[in-house]
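Accompanying notes for the structure given below.
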Amino acid sequence: MRIGYPCINRTVECQGDKTFRLKNYSEKRLIETVKNNLECLEKILEYNRKNQILFFRISSDIVPFASHPICEFDWQGHFSEDFRSIGRFVKKFNMRISMHPDQFIVLNSKRSEVVENSVRELVYHAEIMDAMELDIEQKIQLHIGGMYGDKTASKARFVKRYVELPEEVKKWLVLENDDRIYNIEDCLDVSGRTGVPVLFDYFHDNMNPSEIELSETFKLVKKTWKAKDGLPMVDYSSQRKKDKSKSHAESIDLRDFRRFLDDSRPHDMDVMLEIKDKEKSALKAVRLARKDSRFLING
DNA sequence: GGCAGTCAAGTACGC
DNA sequence: GCGTACTTGACTGCC
């Protein structure tokens, strides 16, 4: 079991992913931004290694506009050594990487230009993984997409589009249950028809539950991951507070996390903490998970 | 210096 | 059909 957090670290003295708008696009700016992002990523991974945080989600903005027509720059060539070096670091310390393209990626959209953009964006994500020369235990997670008033047809459309994807993209993909439309049962269904591994989101499953019992869910999900895919990845976040007061200090609820550890036993998995204070919660979770026999120590 | 509006990309939903 | 909510933070521009 590895513990991880997504994209941002506020402890490390480095600010990646600065806002970069299309209006301000220039090759010079792109190079500066990517250089900065990669330096930050290195620092974050170093911080993580020191703190036994062996799982990390890389921001999709690491190369801004990479899938946009405006970008004609050969970033893969220009930064090849930097990406390779990060990949070596990840391998050396037995770390794991994921990526999560955002809401604009809708493979089952009814609009062809949305599908085309989505595929381009997925290709870009695969290129990042390739640039780091990592194996397919690293994963790119996506949702099934929209419902369009007909879940069955929309799921079928996803299956069709997924099957048509190039193998170089497909091999990285995993499917995640969402909080409103497609629950874990839907994902397992699509997985059965495509072979795509299923990433279980514990919090989404609370909001958008299936008929399947939790212990059974862990079992079924695990079966969708083949040896080459590595351990199942799971997204975890604590129940959001119901009160309306805008308390920003959202941190991990260790009692709830302990329950999660208990609920998921004996299955081994890598856990991504989707929690506002990122690395701070990850540190707390690591402290707790260390006592669990599943927890992986690096080196 | 502070604050509100805005940012590449989508879908759901109410009117 | 159109506008807004969803959701995040930080930049941008206006005062």
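The sequence lines fix the lettering, A, B, ..., with proteins before strands; numbering per chain opens at 1.
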Whole angstroms only, please: what is the [atom1]-[atom2] distance between [X] and [N]?
X	N	atom1	atom2	answer
A/Asp277	C/dT8	CG	C1'	15 Å
A/Asp102	B/dC7	CG	P	16 Å
A/Phe104	B/dG10	CZ	P	7 Å
A/Asn108	B/dT11	CG	C1'	10 Å
A/Asp178	B/dT11	CG	P	13 Å
A/Lys23	B/dC7	NZ	P	7 Å
A/Arg57	C/dT8	CZ	C1'	14 Å
A/Arg29	B/dC7	CZ	C1'	13 Å

Self-check item: A/Phe203 and A/Tyr236: CA distance, side-chain angles, deciding distance, ring-ring contact (aromatic ring centres under 6.0 Å, His included) verdict
Solution: CA-CA 6 Å; A/Phe203 183 59; A/Tyr236 169 89; 8.6 Å; no
Side-chain donor-acceptor distances from residues 207-214 of chain A under 3.5 Å, at least two apart:
| residue | atom | partner | partner atom | Å |
| --- | --- | --- | --- | --- |
| A/Asn208 | ND2 | A/Asp178 | O | 3.2 |
| A/Ser210 | OG | A/Ile212 | N | 3.0 |

Exercise. Under a 3.5 Å limit for both distances, which nucleotide forms a Watson-Crick or G-U wobble pair with B/dG2, could you say?
Key: C/dC14
Quiz prompt | Residue matched to B/dG14 through Watson-Crick or wobble contacts both under 3.5 angstrom | solution = C/dC2
Exercise. Indicate, with a heavy-atom threshold strictly under 4.0 Å, whether A/Ser109 touches base, sugar-phosphate, or nothing.
Key: sugar-phosphate
Practice problem: Determine the contact category for A/Asn24: base if any of its heavy atoms lies under 4.0 Å from a base atom, sugar-phosphate if only primed atoms, P, OP1 or OP2 are that close, otherwise nothing. | Solution: sugar-phosphate
Self-check item: side-chain hydrogen bond (donor to acceptor under 3.5 Å, both in side chains) assessment of A/Thr224 paired with A/Ser191
Solution: CA-CA 7 Å; A/Thr224 66; A/Ser191 172; 4.6 Å; no
Nucleotide N/O of nucleotides 1-6 of chain C paired with protein N/O under 3.5 Å:
none

[N] to [M] separation - [atom1] atoms, rounded to the nearest Å:
N	M	atom1	value
B/dA8	C/dC11	P	14 Å
B/dT6	C/dA5	P	13 Å
B/dG2	C/dT7	P	29 Å
B/dC3	C/dC6	P	23 Å

Quiz item: For the residue pair A/Asp268 and A/Met1, what are the closest heavy atoms and their distance?
Solution: OD1-N, 3.0 Å
Quiz item: Residues from residues 143-158 of chain A sitting under 4.0 Å of DNA chain B, heavy atoms only?
Solution: A/Gly146, A/Met147, A/Tyr148
Exercise. Test A/Ser60 against A/His125 for side-chain hydrogen bond (donor to acceptor under 3.5 Å, both in side chains), laying out the working first.
Key: CA-CA 7 Å; A/Ser60 296; A/His125 280 74; 2.8 Å; yes
Quiz item: Between C/dT12, C/dG9, B/dA9, which nucleotide gets closest to the side-chain atoms of A/Arg21?
Solution: C/dT12
Self-check item: Nearest-neighbour nucleotide for the A/Arg111 side chain, B/dG10, B/dA12, B/dT6 considered
Solution: B/dG10
Practice problem: Return yes if some donor-acceptor pair links the side-chain N/O of A/Asp201 with the main-chain N/O of A/Asn177 below 3.5 Å, else return no. | Solution: no
Self-check item: Earlier contact from the 5' end, DNA chain C, for A/Arg10 and A/Asp179
Solution: A/Asp179
Quiz item: Hey, are A/Arg157 and A/Ser109 close enough side-chain-wise for a donor-acceptor pair under 3.5 Å?
Solution: no
Quiz item: Parallel under 30°, tilted from 30 to 60°, perpendicular over 60°: which one fits the rings of A/Phe65 and A/His68?
Solution: perpendicular
Self-check item: Heavy-atom side-chain contact between A/Lys151 and A/Tyr182 under 4.5 Å
Solution: yes
Quiz item: So do the side chains of A/Asp74 and A/Phe79 get within less than 4.5 Å of each other, counting heavy atoms only?
Solution: no
